[in-house]
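Counting from 1, the numbers follow the sequence of the chain as shown.
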Amino acid sequence: MAALGGMLAAAILKVVGDQIGSLIGGQIALQMNLDKDLKKMKMALESVEAVLKVAARQSITDELTGLWLKRLKDFMYVISDMLDEFEADTQAITQPSARKFSFKKYLANMIPCLTIGPNITMANRMKNMRDDLKVITDQHKEFKLTNCTNANELKVTDIRETSSTRETQIIGRTEERDIILASLSESMTKDITILPIYGIGGLGKTTLAKMVYNSSQFNEYYQVWVYVSRPFNLIKIGNSIISQLSEKDKESGYTEKQLIHNSLKKLLANKKILIVLDDLWEDSISQLEELKDMLKVGKSSKVVVIETTRSEGVAKKVSTIQPYKLAPLTDDMCWSIIKQKSAFESRGDKEQLEEIGKVLAMKCAGVALAAKSLGHTLQSMKSGQWESVRDSNIWTAPSLEDTSSTQVLASLKLSYSVLHPYLKLCFAYCAIFPKGHKILKDDLVHQWVSLGFSSWELGERYISQLLGLSFLDHFKSSSTFELYDEDVILLTMHDLVHDLATSVMEDEIIFVGKFNIAERSRYHYALLDDCSKPLSSDLSKIRALRFMGCEKYKLHDDAFSSAKSLRVLDLSECTIHKLAYCIGDLKQLRYLSAPRVQDAEIPDSITKLSKLVYLNLHGSRTILALPESIGEIEGLLYLDLSSCSGITKLPESLRRLQQLVHLDLSNCKSVEGISVFLKSLTQLEYLNLSRCPNIGDIRDALGGLSKLQYLNLTHNSYLRRCEEAEFLGALTKLEYLNLSSWHCEVKELPESLGRLTQLKYLELSGWRNLKKLPRVFGSLKCLVHLDLSDCGMVDCVHEALVGLTSLQYLNLKKTHINSLPDDLTRLRYLNLSGLRNIPVNYWDDPIEDVVNCLSTESLDILLNQICRIDLSDLKHLDLSGNYHMERIPESICSLTKLHTLDLSACMNLKKIPESICTVGSLKFLYLNGCDHLSAIPQLGSSAITLPHFVVRAGNDGSSSNLVSLKSTDSFELEITELENVKSAGEAHSIKLMEKQSLVDLKLEWTRGVERFVDDKMLLEKLVPPRTLRKLEISGYNSVCFPGWVVGQLPNLDSLVLRDMANLEEWGASYSTGEKNVLTKVQIHGCPMLRMKGPVPKAKIWEISCSDNVLSSWDECIVSHTSASSSSPVTTMMSVRDCKGPHQWRWPQHFPGLPYLSIANCGNLIGSRDTIQLLSSLEELCLKDEHMEELPKWLGELPSLKILNIQNSNGVKELHDNMRQLTKLESLKLGFCKSISVSHWLGELNSLKVLCINMNDGLRSLPASIQQLTSLQEITLEWCIALEHVVAEPEEGKMKLTHNQEMVCLLPTSLRKLKITRCIRIKSLPEGMQQLTNLQELTLLMCPGLKQWFELEENKMKLAHIENKSFAHMYSQPSLFCYG
């Protein structure tokens, strides 16, 4: 492909010419007396540049011309390197940094020879260069190249994308898909079926394969997609299949074929599997047979392989059934595409161009991509240029007949040939990214800038042009409504276009696996896959180095050190333990991406990189500081320190980075005091300070950043203290503004907000004190995304929204609004959840959250209005949390594109209209918490209700409806009746692991019913994402779990295992690290379960009806104390209905346990060693209806503060040794009918609370209770034998005989006394008037006290009590109060 490589020569010459031009007349050239030499060299380049266009065209058919162009191009790189070295060597003298200026000036004055040496050396090199250049440039005369101009010369001017040229879907492959599915149905009786789809590049083979892959015919199949391409690597293919099928080996790294065969043998056995091998090139029969053998190893498996290839020969060699040849598009179809892309119908000369256009359509060879690219190229051309395109000699060069690895369609070559020289370079450079790579747009432009191919402004235009040519495509993610997020614009490149770029750069880029040692020194760019080795010395001239797939390798110190000409170094896919000091030797480096550095510091040598414009260190959490002299990199434009959470202070020299355009400090949780340098960075266009809790007051600094286009202050400390936002008025160029905060004090936005006429994205969520929006809010005509969620105090929202006709995303969650403006017709996302009836700051009173919800009548009006206005683009409507909403209008069917309807927590919703069934686009209906909903209409076959999803088995052998969860990604998901799943492949197909929004998951099988699939096989394929926090599994029927349960869920907080009669072991490979602590683990109804260590650590354990769990802990590795302190990890243990032979040995695994609850566990006798392990108990609850005696060890718990004995009717008394519980503060005896209260109760001198209920034998509390000077509360309920609150001592009666004042029988510390349903009590204790601390007295259903209360003197005894509630009646007591 020398022809295309030759086209690059003019582009490189243009770059070097401009580089020389920038030096002429400059300080360096004048001071070094090199201005004349530079001018002569530039003249020589200009003389040859004039004939380069002719040479490029001639090189297509003339190899000698192509060879000359290659020599010229290579020499241009030499000149460029020389000029850069010259500039770098002299810059320290001619442009000293401020810190070194005086010293350099002194040396230059005192020792003039410092500047003479470089002068002589450079003059000699310059002369030699001019001589060599003359030899090469003179050679063009041999080829009789002339400088000719042609009015019809092919060139492309800028094309602005307009709505009139928006692309529509023209070509479909439905018919071809159905033919392939039918062919497979007839042939899938074999163990392995291989059907290749072949045809020339760009026809849509991959698209067709995706359509087959997503067909319902394969819902029951495990599905694997492998991008093969070149070089063919059987081990890589095998590892990819293993990683996608196995939940254990998510990053399989087998290096031997036999190990891969062994693993695949297990994975493929007894399974139905669909494998797509995309872009297969290998034509070696032995290699292809080995590939077949690798896929045949599964016993009793059924493997279907769809393979895409451009080669008919490869297709025939690998197939087991007739390959499918994908036919090209017809010429008419290609002409339709060209007309659309070239805006043909709007041209005045279309009649004379039609015949030319049809000829060009034929030249596209039926390839849609070629037609798109050519159509875009023709859009800006005049009629004569259309003729030149038609007659170009590119069409006669080898193309479709070319069987080499760099086959490129002629139409793509032609589109490339007419690009601007710089754009040619920018496009060709994209070959450094591997096929299928998702390219971050901003990073690509920065690399172009760093290589001298473009400026930032031009780079943005070049991206648009390449998109228009279909040389680049936007990556279409599954995200639905993030409509304006310029941080994550991803681009992809079609394989055929990548082939074009690769052919252009064939002798420029060294790729992985390209090892022509003799020629390595000619390469200028490198894409390598091993950063653990030193870089080869013959690659020392490369200008860009990118490593791919090196996450498993440690970056070697010399992986890049020899490449002194590097401009771009991308280490983003490397593991960087330490950034080598030699990084400072790369004097030409402009772009450095080194994220996730695992060292505490960045080497000071990085500040020697005086030409650096891009520095990315994001995610380097261990870095504690940047070099103090970082400000010496004065040309730095881009600095990303996001998530460098260890940095506390930024260097003062940062203020010298006055050219900085992009600064990202998001999630720098420790950094503080940035206002010191921020006000100096006046060129900033992008500033992200989100989640920076210590940055201080930056108001004055922000006001001076008038060039800002992007500002994100989400949840940072400045917004916490901010009371006004006047600074916003100065930021008139803003397009993105995110001020989300739960603690912002701003009450109103300034009217100057109306100046932000370019604003597209505005987020103010959580501004609970904001009361009004400015009157000019409607002037923000460009606004696409507006989030006012949780701005509950804002009034007049409707008026503020009038005129925002560009809005596509609108979030009004928990705001006050009764209607929407009729002009919001472009909305795609609308959130009206939890609307308020009046403006209210509901944080102050949670009850108001319900009380102040929008009324039923207002909701009816609002919903009818939404359905009436033209919202034909609306896809997502959120009405959740509107508690008073009772109905949805029938007119909901007018929202014809509605995809998601969220009605969660609409508790009073009673009916959903039948008309909703006619909304064919509806996929997801959320009904969680709709408790009064009488019936759910029968939705279309593709629609489902969430978060509760009931699995239904398909009829006639078809798959279950589980597969409809494929495209969901909800916060909460409950899947029940899993026994109806037809195959494990269905579970695999929904890809739970990829649902990153999911945090709460419940999986439930119905007990006692038959299954289609073994529970373990099914659960193996239901691996949740690592984001999961809550997991409940119920009704599981297998004997053991797959390995992922708990062990692979690092963020899990709560785990529930319920009703698993057959589960025998839980062999969780769970990390016992200090960070991996769950809040709660519940195990209920798992009688056979035995734990196998290590067991997860949890703060709370609840175990019931699971006898073996306790006894098996002796066999496990159990650690329930914190490594960093003596405090216990487990703070609460609850055991119920476990009567197995555990002998109470399990407490040894929970030293320091503070809370224990035991219910219905039989024998509570434990050894003395066990009791000592419970010495830390502070709270104990015992429940057992068959217990006849309390365990004696109760009195041996010296730390016990709370004792609760419940439902123990057989227990008669408290043991005497319980009088030793001197720290006991609360004693509760409930539903213990026979228990007596011992006379020594008064010895529990710390007791504060005493509660006794449902006791049939208690006649009175012991007199010793008077000694409890800390007692504050007494409760006596349903004590039917109670006659006196306290037994009177003999000395009390004597005092009464001698008419002396009665001593109070209750302790004077008492604050609360409650007596309920004690029917025999006839009086309160004497001395009640002495209970001066008593604040609350409650007496209910105690009829015997009626006569006592009628005495006036008794009323006087109670007069000092503030809160009194009495009810004397038996049946329905009436309540009367004394105040």
Side-chain angles (χ1 to χ4, degrees), residues 1157-1160 1179-1190 1202-1214 1218 1224-1239 1241 1244 1247-1265 1268 1271-1288 1305-1307 1310-1325 1328 1331 1334-1349 1358 1361 1363-1377:
S1157 175
I1158 305 173
N1160 301 324
E1179 184 170 353
L1180 175 64
C1181 180
L1182 298 177
K1183 300 179 183 180
D1184 195 332
E1185 57 189 33
H1186 301 296
M1187 182 167 56
E1188 297 182 354
E1189 182 181 3
L1190 291 174
I1202 299 173
L1203 177 59
N1204 190 350
I1205 303 173
Q1206 299 285 330
N1207 299 91
S1208 302
N1209 291 324
V1211 176
K1212 300 292 191 296
E1213 61 181 358
L1214 303 175
M1218 289 178 62
L1224 195 68
E1225 297 178 358
S1226 174
L1227 176 61
K1228 297 182 180 180
L1229 306 173
F1231 294 87
C1232 301
K1233 293 184 178 181
S1234 306
I1235 199 167
S1236 62
V1237 181
S1238 303
H1239 62 88
L1241 186 67
L1244 303 178
L1247 200 66
K1248 296 179 180 179
V1249 176
L1250 176 63
C1251 297
I1252 303 174
N1253 59 49
M1254 292 300 291
N1255 188 305
D1256 293 350
L1258 183 68
R1259 295 180 180 276
S1260 65
L1261 296 175
S1264 62
I1265 197 173
L1268 300 178
L1271 192 65
Q1272 298 178 10
E1273 179 180 340
I1274 296 177
T1275 299
L1276 302 171
E1277 297 180 312
W1278 287 98
C1279 298
I1280 58 176
L1282 189 72
E1283 297 177 353
H1284 304 283
V1285 175
V1286 186
E1288 292 187 18
L1305 301 179
L1306 291 173
L1310 199 66
R1311 296 183 178 182
K1312 180 178 179 180
L1313 176 61
K1314 182 178 181 180
I1315 305 174
T1316 304
R1317 292 181 172 86
C1318 298
I1319 57 177
R1320 294 190 178 181
I1321 189 170
K1322 291 184 170 50
S1323 64
L1324 294 181
M1328 288 292 294
L1331 299 179
L1334 192 63
Q1335 299 172 358
E1336 184 176 339
L1337 176 62
T1338 303
L1339 304 170
L1340 302 176
M1341 300 288 287
C1342 300
L1345 288 174
K1346 182 178 180 181
Q1347 187 176 355
W1348 188 87
F1349 271 111
L1358 306 179
I1361 303 173
N1363 298 309
K1364 301 183 286 293
S1365 298
F1366 309 138
H1368 297 167
M1369 308 295 290
Y1370 273 110
S1371 53
Q1372 288 185 309
S1374 59
L1375 190 68
F1376 65 96
C1377 300

Quiz item: So how far is it from Leu1306 CG to Met1328 CE, rounded to the nearest 0.5 Å?
Solution: 6.5 Å

Would you be so kind as to tabulate the donor-acceptor pairs closer than 3.5 Å made by side chains of residues 1226-1238, with sequence neighbours excluded?
residue, atom, partner, partner atom, Å
Ser1234, OG, Asn1209, O, 3.4
Ser1236, OG, Lys1212, O, 3.3
Ser1238, OG, Trp1240, NE1, 3.4

Quiz prompt | By side-chain contact (heavy atoms from CB on, under 4.5 Å) - contacts of Ser1260 (at least two apart) | solution = His1284, Ala1287

Quiz item: Measuring from Met1341:CE to Thr1316:OG1, what's the distance to the nearest 0.5 Å?
Solution: 10.0 Å

Quiz item: Any side-chain heavy atom of Leu1331 within less than 4.5 Å of one from Leu1313?
Solution: no

Exercise. Among residues two or more places apart or on two chains, list those pairs meeting salt bridge (charged side-chain N to carboxylate O under 4.0 Å, His left out) that have a residue in residues 1254-1265.
Key: Arg1259-Glu1283

Self-check item: Atom pair NE2/OG of His1186 and Ser1208 - distance to nearest 0.5 Å
Solution: 10.5 Å

Self-check item: Partners meeting side chain to side chain donor-acceptor pair (under 3.5 Å) with Glu1189 (sequence neighbours left out)
Solution: His1215

Quiz item: Quick one: side-chain contact (heavy atoms from CB on, under 4.5 Å) partners of Glu1179, sequence neighbours excluded?
Solution: Tyr1155, Ile1202

Quiz item: Hey, what do you get for CG (Asn1207) to CE (Met1254), rounding to the nearest 0.5 Å?
Solution: 9.5 Å

Quiz item: What residues form a side chain to side chain donor-acceptor pair (under 3.5 Å) with Glu1225, not counting sequence neighbours?
Solution: none

Practice problem: Dump the intermediate steps for side-chain contact (heavy atoms from CB on, under 4.5 Å) on Ile1265 and Ile1274, then the final yes or no. | Solution: CA-CA 11 Å; Ile1265 197 173; Ile1274 296 177; 3.9 Å; yes

Quiz item: For the side chain to side chain contact (heavy atoms under 4.5 Å, CB included) test, which of Thr1275, Leu1340, Leu1345, Leu1324 pairs with Ile1315?
Solution: Leu1324

Exercise. Kindly write out the residues that satisfy salt bridge (Lys or Arg N to Asp or Glu O under 4.0 Å) with Lys1322, not counting sequence neighbours, or none if the list is empty.
Key: none

Quiz item: Taking the side chain as C-beta and beyond, is there a heavy-atom pair between Leu1190 and Met1218 under 4.5 Å?
Solution: yes

